[in-house]
2 protein chains.
Amino acid sequence: MTEWLTTDQQRAWRAYLLGSTLLSERLERDLREKHDLSLAEYEILVRLSESGDKALRMAELADSVKNSRSRITHTVNRLAADGFVVRRQCDSDGRGVIAALTDKGYAKLVDAAPDHVQSVRDALVDLIEEDDLVRLGRAFGAIAERLGSAGPREAGAIRESRRSAETTGDVSRG
Amino acid sequence: MTEWLTTDQQRAWRAYLLGSTLLSERLERDLREKHDLSLAEYEILVRLSESGDKALRMAELADSVKNSRSRITHTVNRLAADGFVVRRQCDSDGRGVIAALTDKGYAKLVDAAPDHVQSVRDALVDLIEEDDLVRLGRAFGAIAERLGSAGPREAGAIRESRRSAETTGDVSRG
DNA sequence: TGTAATCGGTTGAACATTCAACTAGTTGCG
DNA sequence: CGCAACTAGTTGAATGTTCAACCGATTACA
């Protein structure tokens, strides 16, 4: 027997549903208009830029942004077509493919990052109190932990190889 | 000059980005698997069910779920193809089209709602403290207010015709 | 009344995402 | 070695979303 939501819970849920939709639409639109990137593409550039040698195996990339392998393939195709990324064969594993950030891709990210961060500020960070933001972060951390291992169909085992925060060319911070 | 995000802010933002993605994927998947509905379709059924006569003009529908008119047309097409909704001409305005919930559509909603609410509980409501949920609701309320009037391109003037909460056949509560 | 501007909604093409095959390289194990 | 099972990644069709062009109805207003 399902328990209904209380009025407060429903109110919060609906506010979230609306607000989060508007938020992602806004970020998506800003990025698209100013830099002709989707948020998914941007995220990939960020992950690559954060990895030691600015390159990652497709599967690592997929895991890090919680995308399906198929989606990563398609998205990397687009990024490669724009010259932001190049594919390389993996030496240690003949099946493997490595996506590497090009200089042009890095430059693109450096260009887009400040605007994106500004968008995040305008539409979220600067809108709510620091304390609430931290709580919000914790809440979604819990959600991610709960839902995480089961994401896109072929998410694979739970590899707890969290890469260290203070990596090299971190231009992201957004 | 753009201000970067602090470590805490970035942490919160990234947790949100990941968590909210997983959350919506989960809800979407549950609804699709158990009831073969998308969240967008479900939302439309909910709005219709909440309106006095279980029918709304396309534009009202579009506004209420913050979708573009085009998207509403397409989605209502699908719902109509499934027999959950019927289109009707608007008497008072020759251009207008009214989407009306059918009995079958209402039954579908009654069937799906408990499962959907359970998903929302499992993936969000029951995962965080009541107080945090309320704060979260307020935060996204503020975001929605900030971003609201500018949403989908043709959102039209800011019509503050919020329909009263205690409408008739409210089966939604999710 | 006539006509320009606007509104409500639809259409179809372009593009992104998902899903279910599929290819090819690798591992496990007799 | 040889074969089965599995993993990495790609492919293409089906589906959903966006965008710009479009059509008919309505309004404004001379």
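Sequence lines set the chain letters: A, B, ... in the order given, protein chains first and strands last, and positions in each chain run from 1. Worth knowing before you read on, the calculation uses all heavy atoms, side chains too, and leaves out hydrogens, waters and symmetry mates. Note that this is a predicted model, so its numbers are computed, not measured.
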Take E50(A) and R14(B) through the test salt bridge (Lys or Arg N to Asp or Glu O under 4.0 Å) and record every step on the way to the result. CA-CA 14 Å; E50(A) 285 175 353; R14(B) 292 221 176 173; 2.7 Å; yes
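- Listed by chain and residue number, nothing satisfies the salt bridge (charged side-chain N to carboxylate O under 4.0 Å, His left out) test with D115(B) (two or more places apart in sequence, or in another chain).
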Between the protein and nucleotides 11-13 of chain D, list the N/O to N/O atom pairs that are separated by less than 3.5 angstrom.
unit_1	atom_1	unit_2	atom_2	d
dT11(D)	O4	S70(A)	OG	3.3
dG12(D)	O6	H74(A)	NE2	3.2

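- Between the axis at the start and the axis at the end of the helix from dT1(C)-dA30(D) to dG30(C)-dC1(D) there is an angle of 10°, using five pairs per end and rounding to 10 degrees.
- Rounded to an integer number of Å, the gap from CG of N67(A) to C1' of dA8(D) is 16 Å.
- Considering only residues two or more places apart in sequence or on other chains, R138(A) meets the side-chain hydrogen bond (donor to acceptor under 3.5 Å, both in side chains) condition with none of them.
- Distance, I72(B) CD1 to dG16(D) C1': 14 Å, rounded to whole Å.
- In terms of heavy atoms, Q89(A) sits closest to G94(A) at NE2-O, 3.0 Å.
- Residues satisfying the salt bridge (charged side-chain N to carboxylate O under 4.0 Å, His left out) test with D131(A), not counting sequence neighbours, are R135(A), R135(B).
- In terms of the side-chain hydrogen bond (donor to acceptor under 3.5 Å, both in side chains) criterion, D8(B) has no residue partners (sequence neighbours excluded).
- Listed by residue number, R87(A), R95(A), G96(A), V97(A) are the residues of residues 84-99 of chain A with a heavy-atom contact under 4.0 Å to DNA chain D.
- By the side-chain hydrogen bond (donor to acceptor under 3.5 Å, both in side chains) test, D82(A) pairs with no residue at all, sequence neighbours left out.
- Separating the OH atom of Y42(A) from the C1' atom of dA16(C) is a distance of 21 Å, rounded to the nearest angstrom.
- Residue pairs that meet the salt bridge (Lys or Arg N to Asp or Glu O under 4.0 Å) test with at least one member in residues 103-114 of chain A, sequence neighbours left out, do not exist here.
- Using a 4.0 Å cut-off, no side-chain N or O of R71(A) falls inside it from OP1 or OP2 of dA16(C).
- OP1 or OP2 of dT17(D) lies within a sub-4.0 Å distance of a side-chain N or O belonging to R78(B).
- Pairs of residues two or more places apart, or lying in two chains, that qualify as ring pair (Phe, Tyr, Trp, His ring centres under 6.0 Å) and include a residue from residues 120-145 of chain A are Y16(A)-F140(A), F140(A)-Y16(B).
- Relative to the side chain of R57(A), the nucleotides dA8(D), dG9(C), dT17(D) differ in distance, and dA8(D) lies closest.
- Rounded to whole Å, atom P of dA8(D) lies 10 Å from atom CD of E60(A).
- For the pair D63(A) CG and dT7(D) C1', the computed distance is 13 Å after rounding to whole Å.
- Rounded to an integer number of Å, the gap from L61(B) CG to dT10(C) C1' is 15 Å.
- Here F84(B) pairs with nothing under the ring-ring contact (aromatic ring centres under 6.0 Å, His included) rule; sequence neighbours left out.
- Across the protein-nucleic acid pair, R32(A) atom CZ and dT17(D) atom C1' stand 12 Å apart, rounded to whole Å.
- Note: CZ (R69(A)) to P (dT10(D)) measures 10 Å, nearest angstrom.
- The salt bridge (charged side-chain N to carboxylate O under 4.0 Å, His left out) check on R95(B) picks up D93(B), with sequence neighbours excluded.
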